[in-house]
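Atoms within each ligand, like the ligands themselves, are counted from 1 in listed order.
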Amino acid sequence: MLGRLNHVAIAVPDLASATALYRDTLGAKVSAPQALPDHGVTVVFIELDNTKVELLEPLGAASPIAGFLAKNPDGGMHHVCYEVGDIVEARDRLKASGARVLGDGEPKIGAHGKPVLFLHPKDFSGTLVELEQV
Ligand code: CO
């Protein structure tokens with residue numbers, strides 16, 4: 001069911017300084033910031049040869065990463081995103097095996113314009129998992 005690792009996401013308190021760290025100190029290729037109001041975050045993608053790192057900064061008062069940053073004020077690893085061929089089929093299979101899908105369970109359009117879902121970290125070894133249909 002799982003395909004490639006699409007990205008690892010890191011929540012950060014200051015997107016500009018985190019972007020500068022990856023661009024200037026680590027010498028990585030970084031994207032322009034992209035506001036995703038539906039997800040309550042602004043994102044920057046770090047382009048690597050084999051995958052991406054997604055930097056996430058809260059956007060708006062009800063950002064889903066605000067609580068995470070309250071507990072991890074320096075930032076930290078927030079989720080991993082795996083690619084799947086058919087997100088509805090993957091969701092139905094996971095739900096049938098007892099996994100919890102966050103939100104209303106319906107895929108939303110993510111940062112790459114493709115459908116995404118999030119799975120409950122308590123069902124996946126303490127890791128928030130994003131699935132993206134590619
Ligand atoms: Co993500």
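Between C81 and V116 the shortest side-chain heavy-atom distance does not fall below 4.5 Å. At a threshold of 4.5 Å between non-hydrogen side-chain atoms, the residues E54 and H78 do not count as touching. Contact check for Y82 versus L119: no side-chain heavy atoms found under the 4.5 Å cut-off. When side chains are defined from C-beta on, I46 does not count as touching T19, because their heavy atoms never get closer than 4.5 Å.
Here the side chain of Q34 pairs a donor or acceptor atom with the backbone of A111 at under 3.5 angstrom.
For the Co ion (ligand 1), the count of nearby protein N/O/S atoms, taking only those under 2.8 Å, is 4.
Residue pairs meeting the side-chain hydrogen bond (donor to acceptor under 3.5 Å, both in side chains) criterion with at least one member in residues 39-51: none, sequence neighbours excluded.
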